[in-house]
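Comments concern the structure below.
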Amino acid sequence: MCKKLIMLVLLLAPALAVQAAPSKAITQKQVDDLTSTVLKYTSSPKLSSSIALIYDEQEQRPLYSKNANAVVPIASITKLMTAIVVLDAELPLEEKITISVFDFDILKGSHSRMRIGMTLTRGELLNLALMSSENRAAAALARTYPGGTNAAVAMMNAKALELGMMKTHFNDATGLNSGNTSTAQDLVKMLIAAQHYKLIHKYSTAASHLVAVPGFPPLRFGNTNPLVKNASWDIGVSKTGYINEAGRCLVMHAHIMHRPVIIVLLDSQGKNTRVGDANRIKKWMESAAATRGRNTRRG
């Protein structure tokens with residue numbers, strides 16, 4: 001009896017393998033066809049941001065575009081380029097930098113919890129600039145760049161040209177200057193470059209960071225993008241921005257339905273609009289994939 005069962009299993013195994021293969025192939029095909037599915041999806045995401053771009057990095061084409069060529073202020077999205085040029089310079093991340101009066105915002109008078117005399121490592125300042133959008137941290141990074149702030153900003157503009165960001169210009173390293181302008185299309189290029197820097201990924205998606213400086217009370221800084229704490233999101237690079245001239249801004253490199261997607265949302269009115277738009281984009285793509293899945297099963 002045992003021998004007969006073994007023979008039966010051996011005879012059925014090839015047939016079972018053939019039956020199992022199509023199911024796996026369909027699943028993979030659903031993932032591969034997500035771009036074309038979304039592009040054919042009858043509805044568009046209802047977004048409140050004045051400027052929006054959803055870009056499929058794998059297929060290298062937009063899934064949705066709204067005023068993506070408009071040249072507008074980008075506020076603290078600037079800090080991604082600040083981080084790129086600092087990391088490109090390979091400056092020692094453990095070098096200690098002291099916050100000075102030269103790091104204060106005299107343009108907008110923005111608030112900061114960082115005080116004169118606080119000494120942090122360059123790595124910590126990079127963390128705070130990306131995660132918590134700390135203006136004094138970004139200013140200190142530029143001030144201590146070889147050649148000073150002017151050299152740092154010049155390198156930021158040179159890097160923008162190198163990346164093909166032809167409609168982008170930087171006047172400062174923080175984004176407080178409304179002369180820091182770009183387009184959604186240009187920012188996609190910056191996000192593609194930024195996601196190759198491990199520290200930008202690590203710092204821009206960190207939930208929080210505790211700063212403990214002798215002589216000062218401990219300070220905990222949080223991420224300005226609440227989506228990094230949301231388990232349903234797979235975010236590789238994140239940055240928010242805000243000044244009056246730019247409105248609320250958010251850029252992300254994320255994976256949605258296993259696809260690398262870049263989301264650019266600029267000039268969002270209302271404190272929660274940019275996050276709401278990001279969630280609406282995610283649901284829109286998931287709905288498109290689910291619709292295709294149902295149609296595939298019917299076919």
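Starting from 1, each residue takes its place in the sequence as its number.
- By the side chain to side chain donor-acceptor pair (under 3.5 Å) test, S112 is found to be paired with E134, residues two or more places apart in sequence or in another chain being considered.
- Residues K167 and N69 meet the side-chain proximity criterion, which asks for heavy atoms closer than 4.5 Å.
- Side-chain contact between L125 and T144 is absent, with no heavy atoms from C-beta onward closer than 4.5 Å.
- Remark: side-chain polar atoms of N180 are paired, donor with acceptor, to backbone N or O of N171 under 3.5 angstrom.
- Closest approach of D172 and M156 over heavy atoms only: O-CE, 3.7 Å.
- Side-chain contact check for K282 versus S232: some heavy-atom pair is nearer than 4.5 Å.
- T78 is not listed as a side-chain neighbour of M81, based on a closest heavy-atom distance of 4.5 Å or more.
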What pairs of donor and acceptor atoms, side-chain ones from residues 204-211 against any protein atom, are under 3.5 angstrom apart with sequence neighbours left out?
residue, atom, partner, partner atom, Å
S204, OG, I200, O, 2.7
S204, OG, S238, N, 3.1
T205, OG1, H201, O, 2.6
S208, OG, R220, NH1, 3.1
H209, NE2, E124, OE2, 3.0

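- For the side-chain contact (heavy atoms from CB on, under 4.5 Å) test, no residue two or more places apart in sequence or in another chain qualifies with A154.
- Applying the side-chain contact (heavy atoms from CB on, under 4.5 Å) criterion to A278, with sequence neighbours excluded, gives L227, W233, L250, M252, L265.
- The main-chain N or O of G109 is found under 3.5 Å from a side-chain atom of D105 such that the two form a donor-acceptor pair.
- Listed by chain and number, the residues in a side chain to side chain donor-acceptor pair (under 3.5 Å) with T98 are T119 (sequence neighbours excluded).
- Here the side chains of Q195 and P260 are not in contact, with every heavy-atom distance at 4.5 Å or above.
- Counting only residues at least two apart or on different chains, the salt bridge (charged side-chain N to carboxylate O under 4.0 Å, His left out) pairs with a member in residues 223-250 are K108-E245.
- Applying the side chain to side chain donor-acceptor pair (under 3.5 Å) rule to T224 yields the partners T240; only residues at least two apart in sequence or on another chain are considered.
- Among all heavy-atom pairs drawn from G247 and D267, the shortest one is CA-OD1, 3.9 Å.
- Note on I192 and Y203: same hydrophobic cluster, where clusters join Ile, Leu, Val, Met, Phe, Trp and Tyr whose side-chain heavy atoms are under 4.5 Å apart, directly or indirectly.
- Pairs engaging residues 64-78 under the salt bridge (charged side-chain N to carboxylate O under 4.0 Å, His left out) rule: none recorded [sequence neighbours left out].
- Screening residues 85-99 for salt bridge (charged side-chain N to carboxylate O under 4.0 Å, His left out), with sequence neighbours left out, gives D88-K159, E95-R122.
- Applying the 4.5 Å side-chain rule to ILVMFWY residues, one finds M166 in the same cluster as L161.
- Between K202 and N127, the side chains place no donor N or O within less than 3.5 Å of an acceptor N or O (distance only, hydrogens not considered).
- In terms of the side chain to side chain donor-acceptor pair (under 3.5 Å) criterion, residue partners of S268 (sequence neighbours excluded) are, by chain and number, S49.
- Rounding to the nearest 0.5 Å places OG of S178 at 10.0 Å from CG of N244.
- Residue pairs satisfying the salt bridge (charged side-chain N to carboxylate O under 4.0 Å, His left out) criterion with at least one member in residues 269-280, sequence neighbours excluded, are listed as follows: D277-R280.
- Taking CD1 from I263 and CD1 from I54, the interatomic distance works out to 6.5 Å, rounded to the nearest 0.5 Å.
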